[in-house]
Amino acid sequence: MPLTKTAPVSSPLVTALDQNDAVRETVKQSADELLVINTVLKQEIPDHAQTGEVVQALQRTDELESRIQESVEDLAEVNQLLEQEIDERAGLERELAATKAALAEARDQPRQA
């Protein structure tokens, strides 16, 4: 969901969100590539040759694949929190602007006695 990314106060958060999105995408692509590599290795290496270090390497790639997938999910959660923070700050900025406008209007009105 695209956010209003023009609010000046929120710009560091928007930048963090954009960077986090880029990292999440890179990590996801890495997880996908690792899955393909692991699948090919398991298919291409005969069962009788999957012993010792080969088995350990295949198990390790399975573990890495899981950790990377967890990282993708963690980054998605962080993105959601950043989006919520940006939305909250944007709302506060709108409230502040409205309050400032109301205050300026009240100051500019002639006093009635």
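Positions are given from 1 along the sequence.
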Spacing of [X] atom [atom1] and [Y] atom [atom2] [to the nearest 0.5 Å]:
| X | Y | atom1 | atom2 | value |
| --- | --- | --- | --- | --- |
| Leu103 | Glu105 | CG | CD | 10.5 Å |
| Asn20 | Gln80 | CG | CD | 12.0 Å |
| Thr15 | Leu82 | OG1 | CG | 11.0 Å |
| Asn38 | Glu65 | CG | CD | 6.0 Å |

Scanning both residues in full, the closest heavy-atom pair of Ala31 with Gln69 reads CB-OE1, 4.3 Å

Heavy-atom closest pair (Leu17 atom, Asn79 atom, distance to 0.1 Å) is CD1-O, 3.5 Å

Practice problem: Answer yes or no: is there a side-chain heavy-atom contact under 4.5 Å between Asp32 and Lys28? | Solution: yes

Side-chain polar contacts of residues 42-50 - donor-acceptor pairs under 3.5 angstrom, sequence neighbours left out - could you list them?
unit_1	atom_1	unit_2	atom_2	d
Lys42	NZ	Asp62	OD1	3.0
Lys42	NZ	Asp62	OD2	3.0
Gln50	NE2	Lys42	O	3.2
Gln50	NE2	Ile45	O	2.8

Review point. Testing Val36, Ile37, Leu35 for side-chain contact (heavy atoms from CB on, under 4.5 Å) with Thr39, which one passes?
Key: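 The passing option is Leu35.
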
Give a yes or no on whether a salt bridge exists between Glu63 and Arg67, defined as a side-chain N under 4.0 angstrom from a carboxylate O. no

(Q) Between Arg24 and Asp21, is the side chain to side chain contact (heavy atoms under 4.5 Å, CB included) condition met? List the steps. (A) CA-CA 5 Å; Arg24 183 179 54 82; Asp21 278 336; 3.7 Å; yes

Gln29 meets the side chain to side chain donor-acceptor pair (under 3.5 Å) criterion, sequence neighbours left out, with Glu25

Under 4.5 Å side-chain heavy-atom separation, chaining through any Ile, Leu, Val, Met, Phe, Trp or Tyr, what else clusters with Val72? Say none if it is isolated.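 So far as hydrophobic clustering goes, Val72 is joined with Val23, Val27, Leu34, Leu64, Ile68, Leu75.
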
